[in-house]
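Here is the structure we will look at.
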Amino acid sequence: MKRATFFAGAMFLFLQGFSQFAWEKYYGGSEFDVAKKVIQTSDGNLVILAEESSPDGVAGYNSGGRDVVIFKCTQEGDILWSNRLGGTGNEDAGDVIITSDGGFAVVGTTDSPEGDVRTRGGEMDLFLAKLTKDGVLEWTKSYGGGNNDRGFCVLELYDKGFLLGGETGSRDGTMQMPPLGGIDGWIARLDNKGKLIWERRYGGAAIDKVNKIMELSPNEIRHDYRILATSMSKDNHVPDNSGKQDIWVFNIDEYGRLVGWNRTYGGEEDEEAQNCFFNTQDSSLTMAGTSFSQTGGFSAQQGLGDIWLFQIDKVGDQAFGYLYGGTKQEGATGLIKTMDGGFLLTGMTQSKDGDIGPTKGGYDGYLLKTDNQGKKKWLKTKGYEKKDFLYASIESANGGYLSLGTSELTNNAAQLMEHNGKYDIWLTCYKDSAKQESTIPVLAGNVIDKTTRKPMKVYIKLINSENLDSLQSVSTNPDNGEYLMVLPKKGNVSFVTLKPGYLFYGGDLSLEILASKPNPVVRRNIEMEPITQGMTVNLHKVYFNSADSRPTAESYSELERFATFLKLNPKVKITLYGYASFQDDGTDKGNLSLNRALSVKSYLTKRGIREDRVQAAAGDINKQLFMDTGAEAQRKNRRVEFTITSI
């Protein structure tokens with residue numbers, strides 16, 4: 001790995017009025033350097049995936065024609081580390097994700113015969129590279145045969161292995177399944193070191209490819225996956241095709257077998273969706289791409305190619321769909337769900353009219369903000385006299401957006417002097433002056449492992465505090481631990497974070513109070529602690545009145561979280577210890593302490609926890625949390641703790 005030793009670009013501030021555009025930076029060298037993807041890490045920084053042809057770019061050197069480069073930078077654009085992956089030929093970047101150990105997995109394509117990323121002897125092969133959290137290369141693996149094979153996406157699995165997706169034109173090497181057509185969609189199951197476990201082809205007689213893989217059933221018992229693909233076929237696995245190329249969505253199980261429904265979307269010409277948002281609450285899938293068709297159930301086509309934003313429900317039926325564009329060509333490459341519940345699309349435009357508005361050059365980048373039903377709220381274009389593209393965005397902590405793209409050097413010094421080459425990697429910051437404060441209560445934040453400090457995938461469950469009914473659940477993004485839950489506007493609710501082998505974490509919310517605030521967003525960054533035998537935990541939100549062994553009404557949300565934790569960890573056994581405070585009325589504090597533990601045990605058994613998993617005992621009366629005689633301190637001394645006796 002080589003650390004960046006040059007100043008990649010200067011921050012450019014606009015201090016006039018309320019301009020949406022705030023600053024930009026360029027990264028690269030004297031040749032062609034293009035961006036591919038940006039993701040946010042749990043520490044708030046960015047990781048950027050790109051391709052470099054420059055020998056003097058971010059990585060500081062070049063192995064061949066074109067290398068894959070990965071680098072980490074702050075939200076202000078300052079580079080923290082960089083690395084390059086490549087051989088003596090050319091490499092294409094496909095995807096990057098954050099792995100459960102805090103490192104990174106990069107998938108792409110190589111035609112290099114030698115180097116740290118190389119082919120197996122064919123024309124082009126897929127590769128998977130694993131890096132540490134500091135960008136140090138741990139290992140690489142290549143997959144392919146004698147023809148062209150390309151890698152586009154990767155997903156880390158529950159067992160730390162991977163699903164790798166792309167396309168194959170080979171009939172040998174690691175591509176052993178019988179071919180379906182000229183180019184097939186391809187998915188492989190790998191172990192945590194990249195060893196091939198199984199591989200399967202998807203498609204028909206024409207050209208098919210896999211663009212994205214998502215986990216469909218996050219219950220950690222059955223593992224199914226939803227696949228976003230592109231197909232030109234009309235047979236075999238492809239149920240229908242309306243035109244030349246359609247968007248294709250299907251489901252597979254953990255062995256790669258087709259399960260559930262299988263649908264295509266498009267008109268008489270070409271359609272493609274490169275990015276999407278999968279909602280684990282209702283299993284809807286929102287997709288952003290490009291449509292060239294005049295038919296297909298869309299709104300009116302406006303130009304050569306339009307931005308297509310559409311959503312399908314859990315059975316594949318279209319929930320909404322919109323085309324945005326002008327008389328020339330537009331396309332969408334990036335899509336994120338924003339904090340206010342809407343969507344932000346990123347892409348390129350060539351039009352000077354229509355929904356897009358005037359462009360400055362051959363192509364401009366754009367940000368298109370919509371509500372949660374896909375209706376346009378605002379659009380911002382950014383570019384110079386030549387070709388400028390934006391590929392992906394993230395929502396920054398200050399309420400704006402950071403967008404990644406590629407910018408072509410102009411002839412008239414319109415850009416910053418730090419633009420280094422023919423094409424540079426381009427990072428821009430936007431302040432959303434049109435953004436209104438949310439009036440919808442939202443719970444959001446990040447979840448990390450307390451021990452490793454790495455982002456985690458956990459499940460967050462919302463519970464009605466009055467009747468203890470489950471209202472909804474979401475899962476965190478495994479790449480960065482982020483979650484977002486849109487809350488009801490009325491009532492009292494509690495939430496609990498859940499993952500087998502970890503303690504629960506939760507809280508209580510009064511939605512009437514929250515909804516009355518001008519920006520009702522609650523941020524909870526959560527540290528999940530692994531359970532160990534012998535650990536003792538205080539049920540700090542379970543309370544008792546003086547001389548009373550019954551939990552107060554405000555305790556039941558915490559008790560329900562506790563019961564849910566025990567259901568999720570069926571092998572865990574515990575001993576409950578009740579405690580009395582020095583100021584509890586009455587003299588038999590030992591019996592009062594025991595009865596408090598027994599009350600909690602009774603609640604758990606009524607909620608379905610086997611009685612033999614829970615023991616109850618009186619705690620040491622001298623073990624006080626607070627020696628203060630104040631009312632709040634003594635309230636906290638009246639408590640119940642539990643010790644894990646078996647896992």
Side-chain angles (χ1 to χ4, degrees), residues 158 217-223 280-281 443 447 456-476 485 488 491-509 526 528-544 548-579 593-619 639-647:
Y158 61 94
S217 51
N219 57 17
E220 304 202 20
I221 297 173
R222 175 176 174 173
H223 301 280
T280 57
Q281 296 183 41
L443 177 66
V447 180
M456 293 180 61
K457 180 174 182 179
V458 303
Y459 304 102
I460 303 176
K461 183 178 181 181
L462 195 69
I463 301 168
N464 186 314
S465 298
E466 305 300 327
N467 57 22
L468 304 180
D469 286 346
S470 177
L471 298 176
Q472 61 172 293
S473 63
V474 300
S475 62
T476 58
M485 179 181 285
N492 296 312
V493 297
S494 69
F495 67 93
V496 58
T497 56
L498 300 167
K499 186 174 180 65
Y502 287 80
L503 288 176
F504 64 95
Y505 174 93
D508 304 310
L509 300 169
I526 301 167
M528 297 290 286
E529 184 175 0
I531 58 174
T532 58
Q533 189 167 325
M535 72 187 309
T536 298
V537 180
N538 178 30
L539 292 171
H540 63 283
K541 294 182 180 179
V542 175
Y543 301 110
F544 302 88
D548 197 338
S549 63
R550 297 168 299 177
T552 61
E554 63 187 319
S555 305
Y556 288 103
S557 293
E558 181 78 350
L559 291 172
E560 186 63 18
R561 289 189 281 264
F562 189 24
T564 306
F565 158 76
L566 291 173
K567 291 176 182 177
L568 193 65
N569 295 274
K571 294 183 179 180
V572 167
K573 294 184 178 181
I574 61 170
T575 297
L576 296 166
Y577 293 96
Y579 291 90
S593 299
L594 175 61
N595 286 336
R596 285 174 175 166
L598 288 171
S599 292
V600 173
K601 177 178 179 177
S602 175
Y603 181 92
L604 296 175
T605 56
K606 288 178 181 178
R607 298 299 288 172
I609 306 303
R610 290 197 328 268
E611 192 169 354
D612 64 336
R613 294 178 59 194
V614 184
Q615 303 299 315
R639 69 193 190 279
V640 169
E641 297 176 350
F642 68 92
T643 297
I644 296 179
T645 58
S646 176
I647 56 175

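Because the structure is predicted, anything quoted here is derived from the model rather than measured.
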In this structure, CD1 of Ile574 is separated from CZ of Arg613 (nearest 0.5 Å) by 8.0 Å

With sequence neighbours left out, the residues meeting side-chain contact (heavy atoms from CB on, under 4.5 Å) with Gln533 are Ile647

Exercise for review: Might you work through the side chain to side chain contact (heavy atoms under 4.5 Å, CB included) test for Leu462 and Met485, ending with a clear yes or no?
Suggested key: CA-CA 9 Å; Leu462 195 69; Met485 179 181 285; 3.8 Å; yes

In short, Ile609 meets Lys567 closest at the heavy-atom pair CD1-CG, 3.6 Å

Applying side-chain hydrogen bond (donor to acceptor under 3.5 Å, both in side chains) to Arg561 and not counting sequence neighbours gives Asp508, Glu558

Should Val458 and Met528 count as side-chain neighbours, where that means a heavy-atom distance under 4.5 Å?
yes

The reported gap from CZ in Phe504 to CG in Leu566 (rounded to nearest 0.5 angstrom) is 8.0 Å

Would you check if Tyr543 and Pro551 make a side-chain contact, meaning some heavy-atom pair closer than 4.5 Å?
no

Classify the ring geometry of His223 against Tyr158: parallel below 30°, tilted from 30° to 60°, perpendicular beyond 60°. parallel

When rounded to the nearest 0.5 Å, the distance separating CG of Leu443 from CD1 of Ile460 is 6.5 Å

In this structure, NZ of Lys461 is separated from OG1 of Thr564 (nearest 0.5 Å) by 4.5 Å

Tightest non-hydrogen contact, residues Ala597 and Leu576, listed as O-CD1, 3.6 Å

Residues Pro500 and Leu568: closest non-hydrogen pair is N-CD2, 3.7 Å

Asn595 meets the side-chain hydrogen bond (donor to acceptor under 3.5 Å, both in side chains) criterion, sequence neighbours left out, with none

Across all chains, not counting sequence neighbours, the ring pair (Phe, Tyr, Trp, His ring centres under 6.0 Å) partners of Tyr577 are none

Nearest heavy-atom contact between Thr643 and Gly534 is CG2-O, 3.8 Å

### Query
So, do Thr532 and Ile644 sit near enough that their side-chain heavy atoms are less than 4.5 Å apart?
no

Residue pairs passing the side-chain hydrogen bond (donor to acceptor under 3.5 Å, both in side chains) test with at least one member in residues 597-609, sequence neighbours excluded, are Glu560-Tyr603, Glu560-Arg607

- Task: Find out whether Thr497 and Thr476 are in side-chain contact, i.e. whether some heavy atom of one side chain is under 4.5 Å from a heavy atom of the other.
- Result: no

When every non-hydrogen atom of Leu598 is compared with those of Ala616, the smallest separation belongs to CD2-CB, 3.6 Å

NZ of Lys541 to CG of Leu559, rounded to nearest 0.5 Å, is 12.5 Å

On a heavy-atom basis, the closest approach of Thr536 and Glu641 is CG2-OE1, 3.7 Å

| request: Report yes if the side chains of Phe565 and Tyr502 come closer than 4.5 Å at any heavy-atom pair, otherwise no. | output: no

Sorted by chain and residue number, the ring pair (Phe, Tyr, Trp, His ring centres under 6.0 Å) partners of Phe642 (sequence neighbours excluded) come out as Phe562

CD (Glu554) and OG (Ser494) are apart, to the nearest 0.5 Å, by 13.0 Å

